[in-house]
Amino acid sequence: QAAPALSPLAVPATAPPLTGMLPLLLAVARLQVPVAPDGSYRVLVDGQEWFTSGTGFFRHSGREHPLELQSRTSDGAEGATLHFAASGVRLRAQIQVRQDHAVFTQTFLDGANGTQGDPDGIVAAFPALRAAWPGTKGVLAYQGDMTGSGAQTGPWSQEQPAKVIGAGISGTGPLVVFGRDLQTSLVLSGFSNFMSHSQTFADGVLRYGVMGGVTSVPPGFQISTVLTLGRGVNEAMDSWGSLLLATYGKQREAYRQDLAMRTLGYSTDNGAFYYYQAEANKTYQQTMIDVKHYADAAGIPYRYVLLDSWWYFRGVEGGVKTWDARPDIFPGGLEAVLEGTQWPQQLHNRYWANDTTYAKQNGGKWDFLCNPGGNESKRHLCVPIDESFWVELFANKTRTGMFMYEQDWLDVEFDNSHPLVQNATLGRTWMRQMDAAARQSNVSIQMCMSHVRHILQSVEMPSVTNARASGDYHPGSGQWDVGTTSILARAVGIGPSKDNYWSVPTEPGTHYGPTTREPHAALHSAVSSLSAGPVAPSDAVGVSNVSLILRHCTADGTLLRPDRPATEIDGHFAFLAFGSGEGRPEGHVWTTEVSLSGRLFTYVLAVDLAKPFDLDLGCSRRGGGGGGGHRRR
């Protein structure tokens, strides 16, 4: 049965307002946020303190000014509204408590100027939360690039603040705070304006606010933080993600309609044999056609191709000058590759160079904001601010075969762009213009080298169907490990991409050197399938392990995939936080399921286990594991 084609989904024109965002419900006893007359607040779960409020502040002209309470209005069990003033700026802080979550919102009533400081700091702190629970809990802190691939897990207590919580532009991401028994958890993250939402963690206090590099905050600007109640790690993240997806109107399973999630592909990404290396004495155009001919002869049913960063024109400091095929690479253009292979194309792109031919300042048609020259600029790059630019760019490439746009180097463009770091709204505008144009051309988007803020922003971007979930592949590397990042990807409704892999141990003639080997091709293959994301081997012509590749798919290239991405069981995180114990594997144990013909099949992947582990298959279906049930060793 043919899988449905990717269809664009509607997206709200603006983020939904925090007030009245969801039906007001009486807060049940499990989650409460009482607010005292002096404006201090506590987070209670089942009547026990989890957090107390720390000190808030507003930063102006390089100094942190304490928030002075002007008024407090109680909404009973449903929250409170606090009005603060600091250095002449009025800030409204709202706490809204729902059945299973609480939303903390700060609003700059008149805006604010002179706010710029450390980009990894924040402008104003609300909420500010200090651990108040007795004993020790664990915390999983998503941070870093590639869907939070820098995630860390460790203990957290009043006496010993967690050492694994990140901060700033790269370090901000969802936190999962869980107990030893994995029965009750809280997830904390941004809830609006994700691109400018940041966290800091210092002296045991977790603070949220607008990222610190912003020079001024517009009047009425709001930023919100959410705290959700859940169970364990996997289930708690699913519940958190469901709230975000429902709020912004994105469907969790919609990404599975994408061609790259349904069919087998061929990759030329970093680590691939043909990454910046064509066949000897041949152009890339002929090389790709030769790959097609070999695949057909060997019975490998590739259905699309990923063309990485080697095919277009570059400008200043490696940025994109013109996103068109170089004639020495593809003499007949992208359309000749499409004609010769019949493969739709996933097209890679990076940051825009200061000399990009699309910018008006360089004789182009569109408005771009570019970094200044000289020593002020970390990197000379530009950001498009004209949606019509994206519309024409995507329309041109769909005519020559593009079905997916890969926006790589997201971290470099964001970190090094003065306009993006200094503006409270530009990052969201940049992302949503890209998404709107992609939907207009029926193109999907893969995010790569993304900060976690980009991943959260994807809930407002229906065209984003997947994101790279680990570092670049290199033969022999350990970048197969997507068991933790896949939890985040699934939560926000995108597929985790493991990247390409070699299906054989050695590939003669590789430019990576004669000693390059891939000793774990079967592991990379299994992870690719179990991820429920893209699957794209990257061998040279004539050397593929055909039988291994065919385990991914049916004869026509349709992928065999699980119902959800395989993820680390909860016990993995309990081991990292608390050490050895029942239900805590010393190593990696992933599980997923497949519903087929009325039966449920559980798949388990175990890697680098230090000793045997008893797995409870019943618990594994909800991300647990260990203790009772149907045990397997």
Side-chain angles (χ1 to χ4, degrees), residues 45-46 48-51 129-144 148-167 171 173-188 201 203-204 206 229-238 470 478 480-488 566-591 604-633:
V45 178
D46 297 327
Q48 295 185 346
E49 274 189 344
W50 277 52
F51 291 105
L129 302 169
R130 184 185 296 275
W133 53 77
T136 301
K137 295 190 183 295
V139 58
L140 164 61
Y142 281 100
Q143 56 198 285
S149 62
Q152 299 184 55
T153 304
W156 191 3
S157 67
Q158 295 185 53
E159 296 76 19
Q160 293 184 331
K163 298 179 181 179
V164 299
I165 296 176
L175 304 178
V176 187
V177 184
F178 54 90
R180 289 180 180 270
D181 60 2
L182 294 168
Q183 294 301 303
T184 304
S185 305
L186 292 177
V187 180
L188 301 94
F201 187 66
D203 300 322
L206 177 66
L229 179 64
R231 180 180 183 276
V233 174
N234 281 268
E235 190 173 316
M237 284 292 289
D238 268 2
S470 60
W480 55 268
D481 186 5
V482 297
T484 299
T485 51
S486 291
I487 297 174
L488 174 56
T567 60
E568 297 276 12
I569 65 171
D570 288 351
H572 169 79
F573 304 103
F575 172 78
L576 295 177
F578 308 120
S580 59
E582 184 178 1
R584 302 175 189 170
E586 297 186 32
H588 300 277
V589 178
W590 304 0
T591 63
V604 180
L605 177 68
V607 184
D608 290 338
L609 283 180
K611 59 185 180 181
F613 173 69
D614 289 338
L615 174 67
D616 182 337
L617 294 183
C619 287
S620 75
R621 290 170 190 151
R622 57 178 183 266
H630 303 286
R631 288 192 164 199
R632 295 294 183 270
R633 174 169 292 195

Minimum-distance pair of heavy atoms, taken over all atoms of [X] and [Y]:
| X | Y | answer |
| --- | --- | --- |
| Ser149 | Ser470 | CB-CA, 4.4 Å |
| Ala162 | Val139 | CB-CG1, 3.8 Å |
| Pro155 | Ala577 | CB-O, 3.6 Å |
| Thr485 | Tyr142 | CA-CE2, 4.4 Å |
| Leu488 | Pro174 | CD1-CG, 4.2 Å |
| Leu186 | Phe51 | CD1-CE1, 4.1 Å |

query: Is a side-chain N or O of His572 found less than 3.5 angstrom from the main chain of Gly587, in a donor-acceptor match?
result: yes
task: Give a yes or no answer on whether the side chain of Gln143 reaches the backbone of Ala141 with a donor-acceptor pair at less than 3.5 Å.
output: yes
query: Run the side chain to side chain contact (heavy atoms under 4.5 Å, CB included) check on Glu586 and Phe575 step by step: do they pass?
result: CA-CA 7 Å; Glu586 297 186 32; Phe575 172 78; 3.1 Å; yes
query: Can you check side chain to side chain contact (heavy atoms under 4.5 Å, CB included) on Val589 and Leu609, steps first, answer last?
result: CA-CA 8 Å; Val589 178; Leu609 283 180; 3.8 Å; yes
What distance do [X] atom [atom1] and [Y] atom [atom2] have between them, rounded to the nearest 0.5 Å?
| X | Y | atom1 | atom2 | result |
| --- | --- | --- | --- | --- |
| Thr591 | Leu617 | OG1 | CG | 9.0 Å |
| Glu568 | Leu605 | CD | CG | 9.0 Å |
| Ser185 | Arg231 | OG | CZ | 8.5 Å |
| Gln152 | Thr484 | CD | OG1 | 11.5 Å |
| Asn234 | Thr567 | CG | OG1 | 3.5 Å |
| Glu235 | Leu182 | CD | CG | 11.0 Å |

query: In terms of ring plane angle, is the pair Trp480 and Trp590 parallel, tilted or perpendicular, where the classes change at 30° and 60°?
result: tilted
[Y] side chain reached by [X] side chain, heavy atoms, under 4.5 Å:
| X | Y | result |
| --- | --- | --- |
| Leu188 | Leu129 | yes |
| Phe201 | Val164 | no |
| Leu140 | Val233 | yes |
| Lys137 | Trp50 | yes |

task: Please report the C-alpha distance between Trp133 and Glu49 in whole Å, then the side-chain angles of each, then the deciding distance to 0.1 Å, and finally whether the side chain to side chain contact (heavy atoms under 4.5 Å, CB included) criterion is met.
output: CA-CA 6 Å; Trp133 53 77; Glu49 274 189 344; over 6 Å; no
- prompt: For Asp181, does the CG atom sit with more than 12 other heavy atoms under 6.0 Å from it, leaving out its own atoms?
  reply: yes
message: So for atom CD, which belongs to Gln160, do other residues, nucleotides or ligands contribute more than 12 heavy atoms lying within a distance under 6.0 Å?
response: no
- request: Would you sort out whether Val607 and Asp481 count as a side chain to side chain contact (heavy atoms under 4.5 Å, CB included), showing the intermediate values?
  value: CA-CA 10 Å; Val607 184; Asp481 186 5; over 6 Å; no
message: Assess the residue pair Phe178 and Trp156 against the criterion (ring pair (Phe, Tyr, Trp, His ring centres under 6.0 Å)); give the C-alpha distance rounded to whole Å, side-chain angles, the decisive distance to 0.1 Å, and a yes or no.
response: CA-CA 10 Å; Phe178 54 90; Trp156 191 3; over 10 Å; no
